[in-house]
Amino acid sequence: MEGLNLALKAAIEKGIFKGIKIPQNGPLISHLFYADDALFVGEWSRSNLKILARILRCFYASSRLKVNFFKSKVFGIGASNVETSNWANILGCKAGSLPFTYLGVPVGANMNLVKNWKPIIDKFHSKLSSWKSKTLSCGGRLTLIKYVLGNLPTYYLSILKAPIIVVNALEKKSERKNKIHRVSWEKVTTPKENGGLGVGSIHGLNVGLIVKWWWRLKNEPTSLWSQVITCIHYHSNKPYDYLSKKTITRVWKNIVGTMKDIQGPGLNLNDIFGEEIKSGENIDLSTELDRLIQKIASCQLQPDHDKWTCLIMPKGSFTVIPIKVICFVWRVVQGRIPSATTLQSRGMNIDSTLCETCICEVECVDHILMTCSYARLIMNKIFEWCGLNKEEFNDIGELLHFTVSWGRCPKKNALNCYVFVIICYGIFGGSGMTDYFKEYLLQFVEALKTSKCLHIYDSNARAMVELSLGLFNIFYAMASTDSLPVKTAQQMAMDGDQPPPNYIFNATTNYSKFGPLETSPPFAPVPIIDISCFFSSARKVDQQTELAKLRSALSTWGCFQAVNHGLSDSYLDNVRQAIKKFFELPLEEKTKYFRETGSVEGYGNDMTYSKNQAQDWCDRLFLRILPEDERKLRFWPQNPSNLRETIDEYTKKIKFISMVIFEAMAKSLDLKENSFSKFFMEERDVLQGRFILYPPCPMPDKVFGLKAHSDRSGITLLLQDPGVEGLQVWNDGKWYMVPVIRDAIFVNLGDQMQIMSNGIFKSPVHRVVTNKEKGRISVAMFTEPEPNKEISPVDVLVDEKRPRVYKTVKNYAVFNHECFQKGIVALDAVKL
Ligand SMILES: O=C(O)CCC(=O)C(=O)O
Ligand SMILES: [Fe+2]
């Protein structure tokens, strides 16, 4: 191409080819090469065209590069169509007319017309609405929007001012269709410093790109474009005085017009582009000196250490926080995270606006993150770790104020941002804890504890924030202080240890409403029910009498002794024996099945939830037995060798008896036989087993075997130790000891049956006391519904006389567990 360039230059020099001379002694333009395209510009004359044809032929002869005339066009500006096509024939190419499309972009079209912008709107749309964009996170989508906004429209928007309809159309495409817009687009496009997300608005981009021509004009005065513009439009000595003729053409008009646009927000080009003096040849030094003196005069040094700042960061310190976290925190600051109240105000159908975590207050953003007891728990933990005094905030604003105003040290300021991010993101957004984060957190906490030195926040900025992803679960587990026992109750009993202080019952902090620990209250006259009367083979009359007894037992005591259940004494002894043998194994053998902290299944103690919680004097093996495919066999002891099999067989028998009881309970309330059993006895319903050892305890009057509680189950079937009592039930404000009946199975109702019976049946509070001399073994089997089943009062049991008492619950097991952690009675929490 250089050859062609030289040939043309030579032709111009010799005066054979005539280019276009820009007035005011401007440059002569004859040809422009762009990639593999060539544009020739010259006077409209037959001879000029002929010369051009010859030059191109010579070029072909010398270089073997042939211009494809068939693909080329001749445009005659100011010439008629007929004349243009006649002359085009000289070259053997077509005549072109305005507007035309060059590289997919219309040239010469009236871009004030919205229809001419359609291709760009369509292209923009197709990029943003691909299926992939729908699966992106908030952060990912922000990046996509920024990318599409920043790349696609550069040509159009850099020289043409988009009509307002076009701007709106493009921005509409950036918003997600069929989604609730939690924050207005206007807010999204606000600069970060002013509280926005810093997505450039289309209008802003358009103005910015056009203003850039002024930058080029200043910065590249010798470029062809600048020379042309300066010759045509600049006729004075004042900077930026390019507003010459009224009849200026469209493109230049746009560029000049943007000066006015930026004057609106109080800017002018002098503010935007300064001058940097190097040799002082081009810039008037005296004016610059004046400006410098002015600047220095207004500058006051602060009595503080000098520090380096990172100019591209709004606060001057260098931070790398994942974009999705930033988006989240930004939404928090806007008060726009999807709480029940915000969703309801957007017209979504919300059952209840009560916070699902504490069930005490309405769920709004401030509640979720600041005032919920749960959020406070996590916040306290963070403050504790940071070595700060405990603070309570009522809303996000207070926390923000605290984090930005606390301390003047820059390091601390960076820290503050992280604390803020972590608190917000950790409380709300974190879930799904990976081992990596767990590991990291532990290291982090250790470092924090030992160093008290805040710089670790800086050096580990990114990891720190990523860490917050998992803080939710971890804090939860840590706040709950769950741990495996230092020594099991059995070991302490064997070693003759006194129960440690955390086992001693303290009436002021623990369960005081159920009175003090009484080791021998009166025996409970708990009804004895012959459940063989409920078998299908039983006589109807007998059945009616027992059903009446059952109903009365469950609505007064909430429990009964089931006899004639079909399991022989010796069989039950075998079951107890197998369990006993397991507990008799050496500790190393049993610890193979130790439960993991934060979860219940396995051998060990029950989970502990707070420092104040007194420990129970018992060891237990907890197994989820049904559904069978959910068994975690790693917790199922292989020793004694018959244990697994024994549990399996006992489960089948217990299932049968439970079925009989569920059906009898339904009949006793005149309900359809399967009204309850369909919730607890189907294939995916749950059965859990708790095999418990209460070793002899040197302080039975100070230590509980098992603290007062009600069962969360449908019903619980308990096999007591025939040799010793220990189980007590609470009835009418008093404790009673449950007598041991050798061949009976003790049945007690759980919370979920109290809910389904609309409060007719009681789920009794019960507890276990220990014995100085004797150990005690018990086997509790709990029936529970499949977690997704909705449990609510049976319709027929709700009427005017007995209005509905309970809400519908789902996954009550987890809910109950959470309530227990917070010291809330789950059954009270689900009352309407
Ligand atoms: O061991 C007992 O007697 C009662 C056990 C119990 O209440 C339970 O495991 O929920
Ligand atoms: Fe219980």
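All values below were derived from every heavy atom in this structure, side-chain atoms included, with hydrogens, water molecules and symmetry-related copies excluded. Indexing begins at 1, ligand by ligand and atom by atom, following the structure's order.
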Q | H709 atom NE2 and H766 atom NE2 as seen from the Fe ion (ligand 2), angle to 10 degrees | A | 90°
Q. Quick one: which ligand 1 atoms are inside 4.0 Å of a heavy atom on S778?
A. 1 (O), 2 (C), 3 (O)
Q. Nearest to atom 9 (O) of ligand 1, what protein heavy atom do you find, and at what distance?
A. R690 NH1, 2.5 Å
Q: Please say which of Q615, H709, R690 ends up in a side chain to side chain donor-acceptor pair (under 3.5 Å) with D606.
A: R690
Q: May I ask you to identify the nearest protein heavy atom to atom 10 (O) of ligand 1, giving residue, atom name and distance to one decimal place in Å?
A: H709 NE2, 3.0 Å
Q.
Between F691 and Y603, does the ring-ring contact (aromatic ring centres under 6.0 Å, His included) criterion hold? Intermediate values first, please.
A. CA-CA 9 Å; F691 310 96; Y603 165 72; over 10 Å; no
**Q.** Minimum-distance atom from the Fe ion (ligand 2) among N, O or S atoms of D711
**A.** OD1
Q | K580 atom NZ, over 12 foreign heavy atoms within 6.0 Å | A | no
Q) Is K581 atom NZ crowded by more than 12 heavy atoms from other residues, nucleotides or ligands, each under 6.0 Å away? A) no
Q. Which atoms from ligand 1 have a heavy atom of V768 less than 4.0 Å away?
A. 1 (O), 2 (C), 3 (O), 4 (C)
**Q.** Per-atom contacts, ligand 1 versus Y694 - under 4.0 Å to a heavy atom
**A.** 1 (O), 2 (C), 4 (C), 5 (C)
Q | Whether R595 side chain and N605 backbone form a donor-acceptor pair below 3.5 Å | A | yes
**Q.** Closest approach of any protein heavy atom to atom 6 (C) of ligand 1, naming residue and atom
**A.** L706 CD2, 3.5 Å
Q.
When you measure from the heavy atoms of F782 to every atom of ligand 1, does any distance fall below 4.0 Å?
A. yes
Q. Crowded around D732 CG? As in, over 12 foreign heavy atoms under 6.0 Å?
A. no
Q. Evaluating non-hydrogen atoms only, which member of R776, E725, M781 is closest to atom 3 (O) of ligand 1?
A. R776
Q: Check each heavy atom of T716 against ligand 1 and say whether those closer than 4.0 Å belong to the side chain, the backbone, both or neither.
A: neither
Q: Look only at the side chain of E682 and the backbone of R684, and say whether a donor-acceptor pair between them is shorter than 3.5 Å.
A: no
Q: Indicate yes or no: does K652 engage D648 in a salt bridge with an N to O separation below 4.0 Å.
A: yes
